[in-house]
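Report on the structure given below.
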Amino acid sequence: QEGTEIPCKIKKIASITTPELLYKDLLKSEQKNWNEISGRYKAMAKRIKKKIEELHKKYTFSSESPRIKVGESVYFEENGCIFLSKADDDEGNVRILFSAEDLGFDDAFIQRIRISPDQRYMATSLKSENSEEATCVVMKLGDFPVVEKVIPNVFSFEWVSNDVLYYTSQKNLKCQDVFMTTFTKQKHTELVYTEQDARFFVDIYCTKDRRFLTINSNSKTTSEVWLVDCRHPFKSPVLVQARTKGVIYHIEHRNDELYILTTYGEPAEYKLMKAPVSSSGMENWQLVYALEEKTKLVDLEMFSDHCILFLQNAGHLYLNVISFVSHSVQSIKLPAWACAFELESHPEHTTSTCYFQLTSPVHPPKRFAYSFKENNLIEQAVQEVPIITNCHTTRLLAKSKDETLVPITVFHNTNSKELHRKPLLVHVYGAYGMDLNMSFKEEKLLLIEEGWILAYCHVRGGGELGHSWHKDGCQHNKLKGLDDLKACIILLHELGFSQPKYTALAAASAGGVLAGALCNSNPELIRAMVLQAPFIDVLNTMMKTHLPLTIEEQEEWGNPLADEKCMKYIKSYCPYHNIKPQCYPSVFITAYENDQRIPLTGVLRYVQKLRKAALDHAGRTKKKGNWIPNIILDIQANGSHCDSSWEDSLNEV
């Protein structure tokens, strides 16, 4: 009997360690493969890196760090330090209040700064590049600022009064608890709110007039907001409107009225509504302003007498200025080259000017101001910033399989001849109602200068044409996004923008689903595919409820564990499950060893399966001139799923 028990134990240990050993062996093998392959491109990489650094130096000085104005004081961050200056000081006298390095946060960057109303305290969050969790450091200001408290794993935080701070704690990518901590003589911390539903994520912010703190509990499709009165910070939060499935809403405040940005009512697009603070239920919501059809609300900014809506329609950007005094709406079309807004922070809601930046993938940020007094738009000229004149922007519409028109934004060098011979880089995302990233990137401008064509396909599942554009491309509609992408690439080729043998497809994160699906269904349309931290094993991931985001993500992809139809549907497009022996394009994937959102095991499995399918096809056909695609995986030890530092992202690029 003793003799039979021992081998049994040995077998158990072996079965536990085998997958781990296999994973480590795969990791080593991929790293070795990457080191060998990347060596071939050293000279080219050096040339590209030098050019990108030159472009970075040329265009970065236009974007100084945001200023936080509190009364006559101005707070700002530079190189991991926080400085204080006076608003009317022309001599440039500044005081250093905080240094991340001095406090032992060497590899961290400053993420958020909040100053208490009486300026006695400052709360700052610090985040390292290899982690999604931030640390909040509370300083007592004065002649000699001192650290008062350090709070780990914080997501959002706000001062509700001079000495009361509310914050949310983050664990395993989830935020479900709100705490209050006081800095009075009797210091204490208490739990204020807990979210019980795993699909919901909690964050907090103050209304622009600092009258209320809002506790916002949001899933991918539904929201609920609670208010804390900043005049009575110890009173329990008050519910605005109980969560109603499919209704998203956000809150602002002005003159004892709540302004509600919501998808409530028909059509289910964002609209601005209002209700008295004392009776805030949706039965009392009154319409203030409704968006036109297929218009995307990018942002909203509230001021004492005005509200500015940043809108996007048919690829063009607009400002709609609502006056609460004259009850009028003024619409301003922004320059045709602009593809993205970046709003500058406005702590003072009584200001008479709204500052923002406009940008595009190939246009560095340009600063603009809207004056409420003058009712006009002013371009803030920065003389040193060269104007990009050699780039042409074209907006197209591709007809998808079900006749839906899908927008495409195309950039190319105005001097380029024979565009059908030029290389084309196609970008796609199409998930979570989020737009494709259209902000400036030095490498995109470099590609334009080198004669490339850049195309951005605004497919369903993204948010470019409003809330319904997302709904039309998620869960049981995911394949519509794939149809859209296919239609976009075919139209580009038909119109003479490059051809399949010069076309590459780029996607990041959830964009990997549509890119990987196209790679399986229509590999003949592209020659190469570049993926960054891609989501490519949808089915296996959505079957694992122990992963931090699976439950939360069911509203986007469906629940294959509870619905067999859903399982079959995900299986029909999942990039990993549809790999087959055929002629694939070359594939380059960047993944992160410590990525909490996209498990590396799924990426490793995908790469192994794709290589085998490509080799099987080459072995079967053995035609003259038959090529085997390069399938390369670069696993980064540093960096995470979120933004990397400039140095790390430069090496990646």
Side-chain angles (χ1 to χ4, degrees), residues 48-66 109 296 298-299 310 312 315-319 334-345 355-369 377 379-395 407-414 416 424-429 434-458 462-464 504 506-509 511 530 532 590 639 642-653:
I48 292 170
K49 189 174 179 179
K50 189 175 177 234
K51 281 201 161 191
I52 292 175
E53 283 175 325
E54 284 167 8
L55 288 168
H56 186 67
K57 279 176 191 161
K58 197 172 177 180
Y59 295 115
T60 45
F61 48 75
S62 62
S63 58
E64 59 175 27
S65 62
F109 59 91
K296 157 92 178 184
V298 182
D299 210 340
F310 292 82
Q312 182 178 316
H316 291 281
L317 300 183
Y318 297 82
L319 275 191
L334 296 169
W337 58 263
C339 295
F341 296 105
E342 211 170 291
L343 194 61
E344 293 185 11
S345 54
Y355 294 98
F356 59 93
Q357 292 184 341
L358 295 179
T359 180
S360 94
V362 296
H363 291 86
K366 235 182 186 181
R367 197 169 188 241
F368 286 80
L377 194 65
E379 188 174 329
Q380 308 277 295
V382 178
Q383 306 231 314
E384 302 92 342
V385 178
I387 296 160
I388 309 296
T389 53
N390 64 341
C391 185
H392 187 69
T393 307
T394 308
R395 289 178 172 89
I408 316 169
T409 311
V410 184
F411 303 94
H412 66 84
N413 197 310
T414 44
S416 285
L424 164 68
L425 182 60
V426 177
H427 303 75
V428 70
Y429 187 69
M434 285 170 66
D435 298 5
L436 260 174
N437 185 352
M438 300 288 279
S439 56
F440 176 65
K441 293 272 189 294
E442 290 86 353
E443 65 270 20
K444 306 300 182 193
L445 186 54
L446 171 66
L447 289 176
I448 292 292
E449 289 179 358
E450 301 246 333
W452 281 67
I453 304 161
L454 306 178
Y456 291 77
C457 304
H458 308 291
E464 284 91 340
S509 192
V530 182
Q532 184 189 19
T590 305
C642 299
D643 289 344
S644 310
S645 67
W646 157 248
E647 288 76 14
D648 282 345
S649 66
L650 174 64
N651 290 326
E652 252 180 62
V653 164

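Each residue takes its place number in the sequence, starting with 1. Not measured: the values here are computed from a predicted model.
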Compare every heavy atom of Cys457 with every heavy atom of Val426, then report the nearest pair and how far apart it is.
-> CG1-SG, 3.5 Å
Please examine the side chains of Val362 and Thr393, heavy atoms only from C-beta on, and report whether any two atoms are closer than 4.5 Å.
-> no
Answer whether the closest heavy-atom distance between the side chains of Ser360 and Phe411 falls below 4.5 Å.
-> yes
Close side-chain approach of Leu317 and Phe341, heavy atoms under 4.5 Å = yes
Smallest heavy-atom separation, Gly315 atom then Arg395 atom, equals O-NE, 3.1 Å
Can you name the nearest heavy-atom pair linking Leu425 to Ala506, along with the distance?
-> CD1-CB, 3.9 Å
Taking all non-hydrogen atoms of both residues, which atom of Lys366 and which atom of Glu379 are closest, and how far apart?
-> NZ-OE2, 3.1 Å
Least distance between heavy atoms, Thr409 atom then Cys339 atom = CG2-SG, 4.3 Å
Side chain to side chain, Leu358 and Pro335, heavy atoms closer than 4.5 Å = yes
So, Glu449 and Lys51, do they make that salt bridge, N to O below 4.0 Å?
-> no
Do Lys296 and His458 meet the criterion of a side-chain donor-acceptor pair at a distance under 3.5 Å?
-> no
Distance in Å, Lys441 NZ paired with Leu55 CG, rounded so as to fall on 0.5 Å steps = 14.0 Å
Side chains of Glu442 and Leu650: does their closest heavy-atom pair fall under 4.5 Å?
-> no
Leu445 side chain reached by His363 side chain, heavy atoms, under 4.5 Å = no
What distance do Leu454 atom CG and Asn413 atom CG have between them, rounded to the nearest 0.5 Å?
-> 10.5 Å
Under a 4.5 Å cut-off applied to non-hydrogen side-chain atoms, are Ile408 and Tyr456 in contact?
-> no
From Phe440 CZ over to Glu342 CD, what is the distance, rounded to the nearest 0.5 angstrom?
-> 12.5 Å
Phe356 side chain reached by Leu377 side chain, heavy atoms, under 4.5 Å | yes
Ala455 backbone acceptor or donor facing His427 side chain under 3.5 Å = yes
Which heavy atom in Cys391 sits nearest to a heavy atom in Thr414, and how many Å separate them?
-> C-CG2, 3.9 Å
